Amino acid sequence: MKKPGFIERHNLWTEAQKEVSEQIKSIVKERDLLLIRTAWEDQHGIVRSKSLLPQAFFNALSNGMQISTGTFLFDTGGTLVFNPFVSGGSLDMQEMTGAPNLVAVPDPHTFHILPWAKRTGFILCDLYFQNGRVMPLSSRGILRQSLAELHQRGLEYIVGLEVEWYLAKLEDPMLDISHVGTPGHPGESPKVSAVEHSFQYLLESHNPEIHDLLQILAENFVAMGLPLRSVENEGGPGQFEFTFDPIPALQAADTMIIFRMATKQICRQQGYLASFMSRPALKGCSSNGWHLHQSLVDRTTGENALMSPDSTALMSDLGKHFVGGLLKHANAASVFTTPTINGYRRYKPNSLAPDRAGWGLENRGAMIRVQGGFGDPTTHIENRVGEPAANPYLYMASQLISGFDGVDLKLDPGSPTHEPFTAENPLLPKSLIEAIAYLKQSELFNRKMGQQFINFMIKIKESEINRFLAAVAELAPEESLKQVTDWEQREYFELF
């Protein structure tokens with residue numbers, strides 16, 4: 001009798017996942033795939049992977065894949081933050097002592113064939129310790145837990161992605177050995193040139209300059225089954241916005257992970273560089289944002305739980321309390337919505353990015369923009385606070401955690417504002433340092449995400465902050481505060 005594998009032993013798959021896994025095996029054989037990139041996300045929301053040949057991949061569909069804990073030990077610049085060779089691995093988790101292996105369990109629902117990579121498949125994984133316990137530092141696991149709690153309330157979380165990013169022509173990848181950098185000191189960022197003369201929002205006449213590449217991207221996304229909705233040219237030179245249809249949250253988070261990865265890889269193949277850095281050091285560039293469109297739906301009836309049955313009311317009571325929670329916890333949640341030092345350069349008065357925690361009806365200056373309302377069945381909220389480098393699992397989990405604290409406490413969000421930049425609402429953090437200070441004080445996030453995870457994220461981010469402060473120590477304040485620094489460009493431009 002065949003001994004049950006790791007996945008069966010710990011009952012980690014649903015019946016639907018088991019059925020899809022058998023279909024995947026057939027697809028791998030029929031399409032003669034050579035490599036399957038078996039992937040997971042790290043704490044920064046960056047894809048890490050191992051490429052398995054078919055027989056090894058089939059084994060992973062039974063026993064999972066052994067991976068190192070190493071990807072959880074580094075900050076964005078590759079600095080080793082935790083010493084794994086002490087008890088608890090410097091993380092107060094005995095399972096992390098000695099840098100042991102984790103088990104990456106493929107989620108069959110995330111399997112794709114990569115159209116731009118010959119004979120190559122791709123699949124995302126959930127992470128477990130060798131004893132079958134969920135790895136508490138896994139951000140996908142944290143979103144799964146938040147969704148499980150939401151489902152107990154009889155609700156589904158539906159998310160639409162609206163993501164801005166920059167495209168530039170790659171002129172010099174800066175791969176000379178003197179430029180590649182060292183751990184904790186990223187090398188020179190690639191040299192690029194603009195793909196258009198822009199500063200003209202939604203300008204149709206520039207389409208011939210960039211149409212061919214955008215078409216290649218769209219063709220690949222459609223071939224993968226990503227729910228691409230629209231493609232548009234934003235205000236900066238080479239700045240674009242891609243939007244995706246509203247879908248269940250875990251699928252939306254996976255889509256964001258795959259979208260960023262695919263965009264960067266396809267553009268690089270074509271001789272371009274795609275960056276999801278919030279504000280690159282490119283002359284005259286506008287800031288990139290990630291606006292998260294959110295709905296709550298009754299799992300039984302399919303009805304919109306944010307819409308009020310009273311056509312004279314803006315939103316349901318649940319919706320208003322949810323917004324109240326988002327506003328109350330916006331500062332602590334900033335570590336998850338805006339996790340880089342560079343992202344805080346977006347928050348400026350009288351811009352398309354918020355500078356304080358307020359809400360308004362169809363108001364793009366407010367942090368929370370209500371769309372629809374007054375009995376409109378499409379009523380939903382858009383959080384405009386996020387940056388496109390955010391980890392999507394943590395961004396979405398932070399919304400559920402914050403929002404439902406508001407629901408449980410019946411928090412009043414106050415009146416919607418017409419003048420979001422002068423309203424007497426709490427200011428958002430002006431730096432990652434401020435955001436970390438708020439997170440340290442948050443009983444809610446410590447309880448919902450776990451003290452171990454919050455301590456882990458704080459230490460990771462403090463390492464990033466300390467390296468930044470050391471790099472700008474000799475700069476004049478106006479240079480490091482008002483302009484994107486060379487440190488930020490090296491740290492984030494190519495990575496995100």
Side-chain angles (χ1 to χ4, degrees), residues 2-31 33 36-41 47 49 52 54-65 67 102-114 121-129 132-135 138-161 221-228 244-259 295-302 392-393 396-397 400:
K2 185 179 180 181
K3 184 178 179 181
F6 181 87
I7 295 172
E8 184 179 352
R9 243 180 8 256
H10 296 286
N11 194 28
L12 302 180
W13 276 356
T14 64
E15 290 301 317
Q17 286 175 306
K18 294 175 186 176
E19 183 177 335
V20 173
S21 73
E22 294 302 315
Q23 296 171 7
I24 291 171
K25 292 176 185 177
S26 298
I27 292 171
V28 170
K29 295 174 182 176
E30 291 168 4
R31 298 290 295 270
L33 299 187
I36 297 87
R37 297 180 188 171
T38 311
W40 64 98
E41 86 297 336
V47 177
S49 73
L52 302 181
Q55 196 54 51
F57 175 64
F58 295 156
N59 182 65
L61 292 177
S62 176
N63 292 298
M65 176 181 66
I67 66 168
L102 301 170
V103 183
V105 172
D107 181 349
H109 293 311
T110 67
F111 179 77
H112 295 278
I113 293 176
L114 302 183
F122 178 89
I123 196 166
L124 285 168
C125 297
D126 292 303
L127 303 181
Y128 298 86
F129 288 127
R133 183 166 81 95
V134 175
M135 206 287 199
S138 165
S139 50
R140 196 170 194 259
I142 286 173
L143 178 58
R144 278 190 180 277
Q145 177 59 37
S146 295
L147 291 171
E149 294 179 13
L150 176 68
H151 294 164
Q152 290 176 357
R153 298 173 184 261
L155 295 168
E156 189 72 63
Y157 183 43
I158 305 298
V159 175
L161 308 176
F221 298 156
V222 170
M224 292 178 71
L226 301 186
L228 184 64
F244 295 81
D245 289 330
I247 51 179
L250 185 63
Q251 185 184 351
D254 292 341
T255 295
M256 181 64 177
I257 284 279
I258 294 169
F259 163 58
S295 300
L296 294 168
V297 175
D298 188 296
R299 299 190 79 197
T300 302
T301 65
Y393 305 103
M396 294 179 198
L400 289 175

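Not measured: the values here are computed from a predicted model.
- The aromatic rings of F244 and F221 lie tilted to each other, with the angle between the two planes from 30° to 60°.
- Expressed to the nearest 0.5 Å, how far CD of E41 lies from CG of L143 amounts to 9.5 Å.
- A249 is linked by a side-chain contact (heavy atoms from CB on, under 4.5 Å) to L147, Y157, V159, M396, counting only residues two or more places apart in sequence or in another chain.
- The shortest distance between side-chain heavy atoms of L296 and L150 falls below 4.5 Å.
- In this structure, the side chain of T110 engages the main chain of D107 through a donor-acceptor pair within 3.5 Å.
- Under the 4.5 Å side-chain criterion, counting only non-hydrogen atoms from C-beta, H109 is not in contact with D254.
- Smallest separation of non-hydrogen atoms from I24 and P108: CD1-O, 3.5 Å.
- Every side-chain hydrogen bond (donor to acceptor under 3.5 Å, both in side chains) that H151 has, sequence neighbours left out, goes to E156.
- Considering CE of M135 and SG of C125, their distance stands at 13.5 Å, rounded to 0.5 Å.
- Screening L161, I158, V297 against P246 for a side-chain contact (heavy atoms from CB on, under 4.5 Å) leaves a single residue, I158.
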Exercise for the section: Applying side chain to side chain contact (heavy atoms under 4.5 Å, CB included), run through F111 and I27 and close with a yes or a no. Expected result: CA-CA 10 Å; F111 179 77; I27 292 171; 4.1 Å; yes
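- Side-chain atoms of W13 come within 3.5 Å of backbone atoms of P106 as a donor-acceptor pair (strictly under, hydrogens ignored).
- In plain terms, the two heavy atoms of A253 and P392 that are nearest each other are O-CG, 3.6 Å.
- Partners of D245 under the side-chain contact (heavy atoms from CB on, under 4.5 Å) rule, at least two apart in sequence or in another chain, are P227, R229.
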Practice task
Could you go through the side chain to side chain contact (heavy atoms under 4.5 Å, CB included) check for V20 and Q17 one step at a time?
Solution key: CA-CA 5 Å; V20 173; Q17 286 175 306; 5.8 Å; no
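- The side-chain contact (heavy atoms from CB on, under 4.5 Å) search around K25 returns E22, F58, L61, not counting sequence neighbours.
- A distance of 12.5 Å separates CD1 in I123 from OG in S49, rounded to the nearest 0.5 Å.
- Between Q145 and I142 there is no side-chain heavy-atom pair separated by less than 4.5 Å.
- Residues P54 and L33 approach most closely at CG-O, 3.3 Å, considering heavy atoms.
- The OH atom of Y393 lies 8.5 Å from the OG atom of S138; values are rounded to the nearest 0.5 Å.
- In this structure, CG in L226 is found 12.0 Å from CE in M256, a value given to the nearest 0.5 Å.
- Side-chain contact check for F129 versus L102: some heavy-atom pair is nearer than 4.5 Å.
- Between the side chain of E19 and the backbone N or O of A16 there is no donor-acceptor pair closer than 3.5 Å.
- Across all their heavy atoms, V103 and G64 have their closest contact at CG1-CA, 3.9 Å.
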For residues 4-12, which side-chain donor-acceptor pairs fall under 3.5 Å, sequence neighbours excluded?
from: R9; atom 1: NH1; to: P4; atom 2: O; distance (Å): 3.2

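- In this structure, T38 contributes its side chain and I36 its backbone to a donor-acceptor pair below 3.5 Å.
- Summarising the geometry, atom CD belonging to E149 is positioned 13.0 Å from atom CG belonging to L155; distances are rounded to the nearest 0.5 Å.
- Taking a 6.0 Å sphere around CZ of R133, one finds it holds more than 12 heavy atoms contributed by other residues, nucleotides or ligands.
- Residues passing the salt bridge (charged side-chain N to carboxylate O under 4.0 Å, His left out) test with R37: none are found, sequence neighbours excluded.
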